[in-house]
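The structure is given below, and queries will be raised subsequently.
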Amino acid sequence: MAEKITSRETDYSQWYIDLVRSAKLADYSDIRGCMVIRPNGYAIWEKMQAALDRMFKETGHVNAYFPLFIPESYIQKEADHIEGFAPECAVVTHGGGEELAEKLYVRPTSETVIWASYKKWIQSYRDLPLLINQWANVVRWEMRTRLFLRTAEFLWQEGHTAHASPEEAQEEVLRMINVYKTFAEEYMALPVIMGRKTESEKFAGADETWCIEAMMQDKKALQAGTSHNLGQNFAKAFDCQFQTKEGTLEYVWATSWGVSTRLIGALIMAHSDDKGLVLPPKLASRQVVIVPILRGDKQAVVEKAHTICEELKKSGIHAFVDDSEQNSPGWKFAEYELQGIPVRLEIGPRDISNNICIAARRDTGEKQKLTLDGTLATSILSMLETMQQSMFKRALDFRESNTFEVASYDEFKSLIDNGFIVAHWDGTEETEAKIKEETKATIRVLPETPDFIAHYSINEPGVCIYSGKPSKRKVVFAKSY
RNA sequence: CGGGGUGUGGCUCAGCUGGUAGAGUGCUGCGUUCGGGACGCAGAGGUCGUGGGUUCGAGUCCCGCCACCCCGACCA
């Protein structure tokens with residue numbers, strides 16, 4: 001097969017593109033910046049959606065759907081919001097062959113159209129909190145796009161909540177960023193640093209933005225999810241007030257939070273290797289592929305393979321058999337490694353007579369013999385669990401060994417291409433902008449994860465590496481996607 | 001938007017100083033194979049991105065347009 005993946009060492013970007021295309025996760029379309037998500041890629045999204053949707057519902061949220069089109073007048077209601085998003089919007093000017101009286105923006109995010117509805121639904125403190133999530137597509141006319149990481153149209157979920165007090169809104173913001181953290185770590189096996197964004201990096205229209213940041217294998221940072229405290233900004237813009245218990249009128253406090261198909265890009269960039277995709281078992285729609293070695297009594301081998309498959313399925317393992325005869329076992333091994341199937345079982349006549357099969361783990365390549373008896377499913381389940389844990393551990397070790405604490409700007413400059421930098425910052429936008437201009441590195445996050453804070457003594461005062469002025473805390477710098 | 005690149009079978013690309021379309025891979029059929037991307041034989045498949053120009057003749061030269069990709073400035 002000619003489909004060779006460029007090695008990560010040779011060209012990381014090309015590796016990523018080759019992998020996405022040859023594993024059939026996504027394809028370019030003829031529409032600028034828009035990709036086709038192919039079944040293999042969409043399956044990952046469906047697994048993500050299922051887990052996230054369950055977590056949202058467990059925290060009291062419900063799903064709804066709002067229009068794709070947003071009247072220009074809505075977009076213009078919140079000043080920071082329009083400034084942040086208008087330049088990258090697609091705008092519809094005609095409909096039904098006629099020029100529209102008012103232009104319609106294709107949503108880049110739905111705060112405005114949702115708050116136009118919330119205004120109608122909220123009158124009393126009894127209507128609060130309002131906890132709604134929407135699964136949708138959005139469009140941002142990005143100048144430069146990259147498969148999954150930044151496309152003109154992408155799929156995401158956006159939660160939009162309304163609360164009666166700032167405390168309750170803040171609690172929601174934290175609750176949801178923690179849901180994202182849990183999801184990233186437990187499902188994606190992706191360690192993340194949770195914390196706040198600086199003023200200049202926050203969402204257009206938010207008072208405060210919280211995020212989770214992850215390290216990719218090229219040591220760059222990727223923002224994997226955000227949760228915004230919108231204060232009363234949108235409530236004021238849409239004149240959404242409620243009557244309190246005491247009978248007074250107050251503007252509603254709001255939050256919004258989202259993750260997108262970018263997570264698929266994060267998953268690829270964090271775990272995969274030169275052979276192809278490596279999927280954490282919890283996000284693999286196909287967890288075990290059984291490859292029968294078709295020689296000798298083929299019929300018996302194929303039957304045994306299917307018997308094993310049925311047995312695994314009964315234990316809740318997503319297994320399948322590839323008993324097609326047009327491709328050799330070697331071809332199948334390579335193909336399913338490319339597609340990231342977590343475990344491969346090889347079974348041939350030799351194994352059947354020894355009452356065993358060979359199990360190979362995708363992440364490490366390790367092969368081991370498993371006995372073909374009632375313990376097989378249990379062995380596979382524990383192998384999947386071990387794999388999930390060990391992928392997380394490996395990613396965490398990688399991040400830790402590529403995170404450096406520095407005390408001077410010279411050190412900063414010499415290490416910034418090697419990973420994350422933990423350093424003191426004087427808290428000013430000027431310093432942040434200067435460092436960005438000089439090094440292209442940005443402040444990714446003001447960490448709030450307790451173990452991270454403890455590990456790097458984040459809250460210990462010191463002096464800013466750039467200005468030498470006093471600094472209350474350390475922050476995380478990195479180059480990012 | 002600035003810089004660079006590319007448009008030729010499904011895919012990746014070759015095609016020089018113009019002479020009428022090629023490879024690898026994939027696809028279809030048959031047979032032999034099968035424990036790390038097997039092999040043989042026989043097939044199908046292209047108005048060469050698009051519009052104009054030069055020429056007896058254009059995939060090839062010239063001009064315009066369009067699209068996509070890559071590198072920057074902006075962003076989940």
Side-chain angles (χ1 to χ4, degrees), chain A residues 1-6 11 13-14 16-18 21-22 24 27-35 83-89 108-109 136-158 180 197 200-204 206 209 211-214 221-228 256-266 275-276 291-296 298 301-302 322-339 344-352 354 356-358 360 365 367 369 436-437 440 442 480-481:
Chain A
M1 202 173 196
E3 280 179 85
K4 264 285 175 201
I5 299 180
T6 307
D11 183 343
S13 299
Q14 195 57 46
Y16 177 77
I17 295 164
D18 288 352
R21 301 197 71 188
S22 54
K24 301 186 177 68
D27 202 359
Y28 292 111
S29 70
D30 288 336
I31 299 97
R32 195 199 88 110
C34 294
M35 67 171 173
E83 195 189 321
F85 283 106
E88 58 181 46
C89 284
T109 177
N137 59 337
V138 288
V139 169
R140 298 181 187 178
W141 218 256
E142 299 291 351
M143 293 176 176
R144 249 199 80 211
T145 59
R146 267 166 81 76
L147 294 168
F148 288 115
L149 298 177
R150 188 173 303 102
T151 44
E153 178 189 10
F154 57 96
L155 305 183
W156 76 347
Q157 60 67 217
E158 45 182 330
Y180 291 155
K197 283 290 188 192
S200 64
E201 296 277 334
K202 74 180 190 189
F203 177 77
T209 288
C211 65
I212 50 172
E213 291 284 329
L222 185 78
Q223 180 172 306
T226 49
S227 181
H228 314 291
S256 69
W257 28 274
V259 294
S260 70
T261 36
R262 163 181 274 193
L263 289 182
I264 298 171
K275 288 180 173 176
V291 179
I293 309 302
L294 301 174
R295 54 176 5 182
K298 291 184 187 178
V301 177
V302 169
D322 182 350
D323 58 8
S324 61
E325 294 206 42
Q326 53 268 50
N327 296 311
S328 68
W331 186 92
K332 292 174 188 173
F333 296 172
E335 180 61 20
Y336 294 116
E337 279 168 356
L338 175 62
Q339 293 188 22
R344 177 183 71 242
L345 290 186
E346 302 169 25
I347 174 123
R350 227 155 57 201
D351 306 309
I352 293 177
N354 293 327
I356 56 152
C357 66
I358 309 291
K367 286 191 182 187
K369 287 177 183 165
K436 183 177 180 182
E437 194 185 313
K440 287 176 183 163
T442 50
S480 76
Y481 279 98

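In what follows, chains are A, B, ... by sequence order, proteins preceding strands, each numbered from 1.
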(request) Could you go through the side-chain contact (heavy atoms from CB on, under 4.5 Å) check for Thr151(A) and Glu142(A) one step at a time? (result) CA-CA 7 Å; Thr151(A) 44; Glu142(A) 299 291 351; over 6 Å; no

(request) Go along nucleotides 27-36 of chain B 5' to 3' and tag each nucleotide: B for a protein heavy atom under 4.0 Å from its base, S when only backbone or sugar atoms are that close, - otherwise. (result) ------BBBB

(message) Distance check, C1' atoms only: U20(B) and U55(B), in whole angstrom units.
(response) 15 Å

(request) Determine the Euclidean distance between corresponding C1' atoms of U60(B) and G45(B); express it in Å to zero decimal places. (result) 24 Å

(request) For Phe203(A), report the nucleic acid contact type (base, sugar-phosphate, nothing); a contact means any heavy atom under 4.0 Å. (result) nothing

(message) With side-chain contact (heavy atoms from CB on, under 4.5 Å) as the criterion, how do Ile5(A) and Leu338(A) come out once you've worked through the C-alpha distance, each side chain's angles and the decisive distance to 0.1 Å?
(response) CA-CA 9 Å; Ile5(A) 299 180; Leu338(A) 175 62; 3.4 Å; yes

(request) Quick one: pull up OG in Ser260(A) and CD in Gln223(A) and give me the separation to the nearest 0.5 Å. (result) 9.5 Å

(request) Taking atom C1' in both G19(B) and G4(B), compute the distance separating them and give it to the nearest angstrom. (result) 34 Å

(request) Taking atom P in both A44(B) and G10(B), compute the distance separating them and give it to the nearest angstrom. (result) 15 Å

(request) Working to the nearest 0.5 Å, report the span between CG of Leu263(A) and CG of Leu149(A). (result) 10.5 Å

(message) Salt bridge check, Lys197(A) against Glu213(A): does any charged N sit closer than 4.0 Å to a carboxylate O?
(response) yes

(message) Using a 4.0 Å heavy-atom cut-off, does Glu142(A) contact any base of the nucleic acid, only the sugar-phosphate backbone, or nothing at all?
(response) base

(request) Let me see the working for Glu201(A) and Thr442(A) under side-chain contact (heavy atoms from CB on, under 4.5 Å), right down to the final yes or no. (result) CA-CA 9 Å; Glu201(A) 296 277 334; Thr442(A) 50; 3.7 Å; yes

(request) Kindly give the heavy-atom pair with the smallest separation between Lys332(A) and Asp323(A), and that separation in Å. (result) NZ-C, 4.0 Å

(message) Can you measure Glu201(A) atom CD to C74(B) atom P for me and round it to whole angstrom units?
(response) 10 Å

(request) Let me have RNA chain B in dot-bracket notation, would you? Count Watson-Crick plus G-U wobble pairs, both distances under 3.5 Å, and use [ ] for pairs crossing earlier ones and | for inter-strand partners. (result) (((((((..((((.....[..)))).((((((.....)))))).....(((((..]....))))))))))))....

(request) Indicate, with a heavy-atom threshold strictly under 4.0 Å, whether Ile17(A) touches base, sugar-phosphate, or nothing. (result) sugar-phosphate

(message) Go nucleotide by nucleotide along RNA chain B from the 5' end; which of Leu147(A) and Ser480(A) gets its closest nucleotide reached first?
(response) Leu147(A)

(request) Considering non-hydrogen atoms only, spot the tightest contact between Ala204(A) and Phe85(A) and give its length. (result) CB-CE1, 4.1 Å

(message) Any heavy-atom pair between the side chains of Phe203(A) and Trp257(A) that's under 4.5 Å?
(response) no

(request) Could you measure between the two C1' atoms, the one in G3(B) and the one in A73(B), and give it in whole Å? (result) 12 Å

